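Only one structure is covered here, and it is reproduced in the block below.
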Amino acid sequence: MISLLSGLNPEQLEAVTLPYQSALILAGAGSGKTRVLTTRIAHLIHSGQVSPNGILAVTFTNKASREMMARIAAMLPINTRGMWIGTFHGLCHRMLRAHYQDAGLPKTFQILDIGDQQAIIKRMLKDLAVDEKAFPPRQIQWFINHAKEEGLRASQVEAHDSFTRRMLEFYRVYETLCMREGMVDFAELLLRCYELLTRNEILRHHYRDRFSHILVDEFQDTNRLQYRWLKLLAGVDLPRSAVVFAVGDDDQSIYAFRGAHTGNMQDLEHDFAIQKIIKLEQNYRSHGNILEAANALIEHNRGRLGKNLWTSEGHGEPVRVYNAVTDFDEAAFIVDEIKALHSEGVALSDIALLYRSNAQSRVLEHSLFNASLSYRVYGGMRFFERQEIKHALAYLRLIAHPDDDHALLRVINFPPRGIGARTLEQLQDEAKLHQTSLWSAALNKSGGETTAISDEGKAKKGLPSFVHLIMMMQRACANLPLPETIRYMLTHSGLLSHYGLERDGAERLENLNELINAATSFVHEAEDDSLVAFLSHASLEGGEHQADHHQDALQLMTVHAAKGLEFHTVFLSGLEEGLFPHENSRNEVNGLEEERRLMYVAMTRARRRLYLSFSQSRMLHGQTHYNIASRFITEIPDHLLKWLQPLSKVNSESFRSVSEQAGFTFGRNSWGQSAGKEAIQERLTANSSEQLSRWRIGQNVSHAKFGTGVIINYQGEGADIRVQVQFNRAGTKWLLLEYAKLTPL
DNA sequence: GCATTCACAATCGCG
DNA sequence: TTGTGAATGC
């Protein structure tokens, strides 16, 4: 017991040992939030206040819930597998599977991921003969999802204009389509579950009685529906309600665009009669200067709950700022700094390159590639979203549930087997006529089961062969374990041979193989190893590829993706008006404040060293844009910043053009306000007047130990000045000018 | 049925 | 600049 609670600071301890009452924990970045959450659970169980069955802990990401389970398992000798710890979607899914009948779902209901959903909407538009340009699928998707996230069915949305009425029509049709095929999208998982509990009093009471402690991670990210779900589950209106332990940070709320409602924090205070908000402000991650800078920045936001991070560590290094001429220059600077850091012993994997939008990674990747630095870009295509995997999953879906029109359409002619648009059209007409699924129509058309089976081996083409294929797979699946089913399906569907012949098919084959591996480990780990369970798993777990994870590589990702992570060094690039804060955020309610929180999240990822950089010109969408530095830089007090200006820029004539360009671009600030314009101009001038010395790029030098070489770069100022020398024999080194005792040649 | 061409759009993205 | 989807040609 002592070991469980030891090492907690007073606030953490208070939170962990709170008596039976609902609580809101304001946990700043790096304040040991996860530790508090997991220790709280362990403490509740260990002290006998609740059994593991009485706890429901909910997170947003699978990663977070896995980590939570692992940490609890490390603290207590219990099996965490049966516990109700998971994501909102995962837990709702669990309830819906357990009570599918009460929820009005077929036993084999399938989960739609974002891509499936879009495909269905497109199919619907085609059916309705609606022009995609007039009503972009993306927009319809957004409308439907947002309505659901607000907890609204089509009948509950108010429509005051013709556009909304049209959207609602789509919402309704989409809904009937999904229900007919037994498909449930992500938002539907939550809404269904919520409605199930609302309608079914017995179930509601069952779960209310079962869960006495509900713990919520990242509470600031909850949307309205999730909050209502929590309220319902806790039963706030009942005398014997559960208590909620919510952990969150309003300053790190960066997901308003996907429905997060920070007002939930105030609502929680009120609805759950929160007596006291506990603030965790001691930061165990970053050095003082970084924290001070982040604090100063976030101070510019209004209506905060209020929080100031502090550390018992020292100030550490100043926040470095670099003003680049071009995006290429910015990337080159970052590469140079990385090389220096790496040679000083910082692991590449402990360095992150963050940016506001994905498009910015390209320039960085280019420079990193040329410098032979290994890197990993996060947020690309996920494993289960790849087309070859999607195709394979479609076959599996048909095995489990042949009435899945969506899956059928995906693979009925893939690999090509001579079923063209014409056959398909007939099939769809037939299905429409009899109000049945495409599969039933196909059965009818191909002469029914008996014919297809008696044709065994002969039918190679057309509809009968497809019908035969699927039935054959279904029979095989009944007797084989999951991985073998998949192997069988891959071979007999022709996917393997198809990709085997394709030009770039090797990687796809690898992925298909990986699918068998994924199924193998799924069968080992999951309680329910059925095909349907595996399909749900594939949709709910995006399937982040864990391969080559151990390799020491730089981490490239958006600021959003970096939330929750930490690194020794963080490079935050593209700090320009229009990019960060992003142009589009101007049209959003409180958009600028959300951008500022995003910046805050980015800064607080750094443990020891933080670089902020911006470029005066940047290639975007094939056009050169001229930008001014982000206002966020000017919102950080000067004494925390250290402006870097490599002398290479000062000495070359490029610097002159930089100042001129800067003057020119200030006039083009699309944001209207030009906060900090003077300050930046001032710094530019200050930097240009100093730092002219006998040392310059291209200067040949001699070193006592390394021999002769040439200066290829340098940075810093005053006593801190460092030069990068390419030696003839000893390679490239960064040297402190003051100590290196270089002799000019 | 498949390959090539053209127009168009372009934040962030958990499950 | 790059990726996507529809239109077009073989």
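Worth saying up front: this structure is predicted, and the values here are computed from it rather than measured. In what follows, every chain begins at residue 1, and chains take the letters A, B, ... in the order their sequences are listed.
Side chain of Arg66(A) to main chain of Gly86(A): no donor-acceptor pair is present (N/O by atom type, distance under 3.5 Å, no hydrogens or angles). In this structure, Asp251(A) contributes its side chain and Arg304(A) its backbone to no donor-acceptor pair below 3.5 Å.
Atom NZ in Lys63(A) sits roughly 15 Å away from atom C1' in dG15(B) (whole-Å rounding). The distance from atom CD of Gln110(A) to atom C1' of dG15(B) is 16 Å, rounded to the nearest whole Å. Atom CG of Asn413(A) and atom C1' of dC2(B) are 12 Å apart (whole Å). Atom CG of Leu565(A) and atom P of dG13(B) are 13 Å apart (whole Å). Atom-to-atom, NE2 of His146(A) to C1' of dC14(B) comes out at 13 Å; the value is rounded to the nearest Å. Straight-line distance from the CZ atom of Arg258(A) to the C1' atom of dG15(B): 9 Å, rounded to whole Å. Remark: P of dG13(B) and NE2 of His89(A) are 17 Å apart, rounded to the nearest angstrom. The interatomic distance linking Gln387(A) (CD) with dG3(C) (C1') rounds to 15 Å, in whole Å.
Nearest nucleotide to the Pro416(A) side chain, out of dG13(B), dT2(C), dC2(B): dC2(B).
Residue contacts shown for Ile111(A) are absent, as no nucleic acid heavy atom lies under 4.0 Å away. Asp113(A) comes within 4.0 angstrom of no nucleic acid atom, judged by non-hydrogen atoms across all strands. When heavy atoms are screened at a 4.0 angstrom cut-off, Lys563(A) is found touching no nucleic acid atom at all.
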Any chance you could lay out the side-chain contact (heavy atoms from CB on, under 4.5 Å) test for Tyr355(A) and Thr558(A), step after step, and finish with the verdict?
CA-CA 5 Å; Tyr355(A) 34 81; Thr558(A) 63; 3.9 Å; yes
Using atom names, set out every protein N or O paired with an N or O of nucleotides 7-12 of chain B below 3.5 Å, distance rounded to 0.1 Å.
from: dA10(B); atom 1: N3; to: His621(A); atom 2: ND1; distance (Å): 3.3
from: dT11(B); atom 1: O4'; to: His582(A); atom 2: NE2; distance (Å): 3.0
from: dT11(B); atom 1: O2; to: Arg356(A); atom 2: NH1; distance (Å): 3.2
from: dT11(B); atom 1: O2; to: Arg356(A); atom 2: NH2; distance (Å): 2.4
from: dT11(B); atom 1: O4; to: Glu588(A); atom 2: OE2; distance (Å): 2.1
from: dC12(B); atom 1: OP1; to: Asn358(A); atom 2: N; distance (Å): 2.5
from: dC12(B); atom 1: OP1; to: Asn358(A); atom 2: ND2; distance (Å): 3.3
from: dC12(B); atom 1: O4'; to: Arg356(A); atom 2: NH1; distance (Å): 3.1
from: dC12(B); atom 1: O2; to: Arg356(A); atom 2: NH2; distance (Å): 3.4

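Shown here is Phe328(A), whose CZ atom has no more than 12 heavy atoms of other residues, nucleotides or ligands within 6.0 Å. Around atom CD of Gln387(A), more than 12 heavy atoms belonging to other residues, nucleotides or ligands sit under 6.0 Å away. Counted within 6.0 Å of CZ on Arg138(A), heavy atoms from surrounding residues, nucleotides or ligands total 12 or fewer; the atom is thus considered open.
The pair Arg362(A)-Glu365(A) does not meet the salt-bridge criterion, since no charged nitrogen lies less than 4.0 angstrom from a carboxylate oxygen.
The phosphate of dG15(B) (OP1 or OP2) has a side-chain N or O of Asn62(A) nearer than 4.0 angstrom. Proximity of Arg417(A) to the phosphate of dG1(B): no side-chain N or O atom is located under 4.0 Å from OP1 or OP2.
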